[in-house]
Structure formats: C-alpha cells, structure tokens
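A quick write-up on the structure given underneath.
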Amino acid sequence: MRTFNEDLEIPKEEIEALFLQLIQSDEIKAVAQIIRERLGRELRPYDIWYDGFKSRSTLSEDKLTAQTQSRYPTALAFEKDMPRMLMDLGFDKDKANEIASHIVVEAARGSGHARPCVGRNQPARLRTRISDKGMDYKGYNIAVHEFGHNVEEVISLYDIDYYTLAGIPNTGFTEASAFLFQGRDLQLLGYKAKGEEAKGEEVLDMIWGMYEIMGVSLVDMAMWEWLYANPKATAAQLREAVIAIAGDIWNKYYAPLLGELDCPLLGIYSHMVGYALYLPAYPIGNIVQFQLEEHLATYKTPAEFAQEYSRIYQQGKLTPDAWMKGAVGEAMSVEPLLKAVRKAID
C-alpha cells in the first residue's frame, strides 16, 4: 500500500476502479470488433498486441530506419539535434537551447531509459540503443519517448517557483510527458501532423494499448499482494503464482474477447520483479496524456503549445488531483478517452 498511498498518492482501489472501467467498457468490445473485421477472423490472445491502428503502420520501417540512421549515426548527433526538435514543437530558440543544455545523450546497453537530474548541478541523461550503423527507427522512437521524460525533468526542476516542490506528482505524470513527445516522433522527422482520420485511429490504438497494459498492471498489483502474503516464497513458487494470477485475470477480462482460457500472456513483463509496482504508472500516464492532449489541442500554434506545456509542468510536486485540476481543470478520468473512442468509431 505504500506505493499507492505515498509514491503514487492515489489509493489502490481508485486505480483498480479506473482500470476496470476501461477494461470492461463497451468501447473496448467495439474496438475488438473492428480489429476482428480488419483481420477477417476471430481474435487470438496475441491480438492483444494488434498495432494496425498506428499511423506508422502505413510507412516502411526500413525507410524510417534509413532516415534515422542517416540523421543520427551517433548519440552526439541526436544530442545536437535536440534544440531543433524543441523549436519544432514551439519552444523559442533560447529556451530550447537552455533545456537541451541540461540533457546528455548516451548509447544504452539495454532498450533505453531516462535518468533525471540529481539536483541542479547534474544533467538529465537520455539513453537509447545505437548500433554501429546508427540509430534505427525503434531506437529513435524510444529516444523521443525518453526525451519527453528529460524535458519534463528539466522544466519541473529548473522552472519551479519553490525548489522544495520540484518534480511531478508521480511517475505516471512523467510517462504522460514521454508519451506526448513519442506521439510526435514522425512529426519531428519532417512528416505532416496527423489529420482527423489518423487522429481517430490513434485514439483506437491508445485504448487498445491501455487494455493490454492495464491487465498487466492488475497482475503486477496482485503479484505483490501474493508476495506479502507469502514472504518466504521461492523463485519457482513466485513463477507459478504469477502464471496463475495472469490466467485468472485473463479468464475474467480478456478471454471473452481474445479466447483461450488460462492464457499467461499478462505475466510477461520483467518489470514486475525488477521495478516493483512500476507498471501501473504506464496506464496512469496514458490517462493523463490523453487529458493533456485534449487540453493542449485547444492551443493552435506550436508556440502556444510549448508555453502551455511549460506552465503545466511547472506546477510542481502537488497531489495528482490538484495537479490535474491545475493542468486541465478536472480530475483524472478515463471518460474523456471513452468519449473520444465513441466519436472515432462513429
């Protein structure tokens, strides 16, 4: 409970209720039917990772990789291009250079991650995979996600009114910033902003992705409850418990749409053990991201977007409810996304 009450500052029961509202919604059933029609067959468990709604699915990944490898042969090339990317998003030249000056880009041994500033005398660090051929599109997509973390980390540290309030409410709120940037990765490569049809597909992609990660998060939460009840469990016993928990949650919320009882797919994430109770931060970040996207869409020019983004992330480490009301005028909710899904389907 400490993770929810002290770190996330959202009660576990409230998070579960948000997740289950989306997972059990009529909108999820409608999206599943669209996927079923597009595939021309009944859905299978692996269709939980269906990505046919993504705008990049119409582009050749090989072509994108050729473009990113040419532009970013090294980590330093990406680092030098950060001011330009920020200016494309609407930050003025001085602010773009200031933010970028606090971020160092390094090649990752793993998939990539962001490391925040440790006080104002240390840089934020961005890491992503870069081969001897340069940064492929997957590495670039991850880099833009991590860049979103870093920009939030710099603004919420350096631009805060009171240093003791530096930061954001919880990790879900930095994931929201990362998702905001990641969703603009093609735009930063010079592709046109999405039209209305593409935005509708993006909404369907978001809710389907949340359907998956919310189930994984429920497994994560249930696994730690099991561990607290069984503190002397061996690794083998934990493995069997996770498989059973994943199967139970699958049977209840996923088998009706995706088939196959006792499917263990929701137990696939190593985060569950490596980063205790981090997984719920991702769907929280998606919920926050969508509400921020809707709010920021009312600001028509890139400069207005950047100014409002900065205002929002300068609020500091408030409680999640107070931060959201200060950002978009309402509490965290999945209803705006469900409404957008209904509009996209119509």
Using only heavy-atom distances, determine whether the side chains of Asn141 and Gln182 contain a donor-acceptor pair under 3.5 Å. yes
Run the side-chain donor-acceptor check on residues 97-106: report pairs under 3.5 Å with partners two or more places apart or on a different chain.
residue	atom	partner	partner atom	Å
Asn97	ND2	Lys93	O	3.2
Ser101	OG	Glu98	O	2.6
His102	ND1	Tyr158	OH	3.3
Glu106	OE1	Arg127	NE	2.7
Glu106	OE1	Arg127	NH2	2.9
Glu106	OE2	Arg125	NH1	2.7

With no hydrogens and no angle check, is any side-chain donor or acceptor of Arg120 less than 3.5 Å from a backbone partner on Leu157? yes
Considering only NZ, NE, NH1 and NH2 on the basic side and carboxylate oxygens on the acidic side, decide whether Arg84 and Asp88 come within less than 4.0 Å. yes
Run the numbers on Thr65 and Glu61 for side-chain contact (heavy atoms from CB on, under 4.5 Å), then give the verdict. CA-CA 6 Å; Thr65 287; Glu61 186 163 337; 4.2 Å; yes
Carboxylate-amine/guanidinium proximity below 4.0 Å for Glu16 and Lys12: yes
With a 3.5 Å cut-off and no angle check, do the side chains of Asp7 and Asn170 form a donor-acceptor pair? no
Tell me whether Glu294 is salt-bridged to Lys343, with the criterion being a basic N under 4.0 Å from an acidic carboxylate O. no
Charged N to carboxylate O below 4.0 Å: is that the case for Arg38 and Asp47? no
Of all residues at least two apart in sequence or in a different chain, which pass the side-chain contact (heavy atoms from CB on, under 4.5 Å) check with Ser156? Glu152
Nearest heavy-atom neighbours spanning His295 and Val328: CB-CG1, 3.6 Å
Look at the rings of Tyr137 and Tyr140 and say which category their plane angle falls in: under 30° parallel, 30 to 60° tilted, over 60° perpendicular. tilted
Are Lys252 and Asp248 close enough for a salt bridge, meaning some N to O gap below 4.0 Å? no
Using a 3.5 Å distance criterion without hydrogens, assess whether the side chain of Ser70 forms a donor-acceptor pair with backbone atoms of Ala66. no
What is the ring orientation for Tyr309 with Tyr313, classed by angle as parallel under 30°, tilted 30 to 60°, or perpendicular over 60°? tilted
Output the distance between atom CG (Leu238) and atom CG (Asn230), rounded to the nearest 0.5 Å. 9.5 Å
Is the CZ atom of Arg239 crowded by more than 12 outside heavy atoms at less than 6.0 Å? no
Residue pair Arg36 / Glu42, side-chain heavy-atom distance below 4.5 Å: yes
Shortest non-hydrogen contact between Ile243 and Pro264, atoms and distance: CG2-CB, 4.4 Å
Find out whether Leu218 and Leu20 are in side-chain contact, i.e. whether some heavy atom of one side chain is under 4.5 Å from a heavy atom of the other. yes
Test side-chain contact (heavy atoms from CB on, under 4.5 Å) on Asp321 and Glu9 and set out the steps. CA-CA 9 Å; Asp321 190 60; Glu9 294 188 287; over 6 Å; no
Would Phe78 and Met85 count as a side-chain contact (heavy atoms from CB on, under 4.5 Å) if you check the C-alpha gap in whole Å, the side-chain angles of each, and the deciding distance to 0.1 Å? CA-CA 10 Å; Phe78 188 90; Met85 288 190 276; 3.5 Å; yes
Flag the pair Trp208 / Phe53 as yes when their ring centroid distance falls below 6.0 Å, and as no otherwise. no
Flag the pair Tyr50 / Tyr46 as yes when their ring centroid distance falls below 6.0 Å, and as no otherwise. no
Using side-chain contact (heavy atoms from CB on, under 4.5 Å), reason through Phe4 and Ile10 one step at a time and then give a plain yes or no. CA-CA 5 Å; Phe4 300 99; Ile10 307 173; over 6 Å; no
Tell me the closest heavy-atom pair linking Ala114 and Glu153, and the distance in Å. CB-OE2, 4.2 Å
Between Phe181 and His145, is the gap from one ring center to the other below 6.0 Å? no
Close aromatic pair by centroid cut-off 6.0 Å: Tyr254 and Tyr211: yes
Do Tyr269 and Asp220 have side-chain N/O donor and acceptor atoms under 3.5 Å apart? no
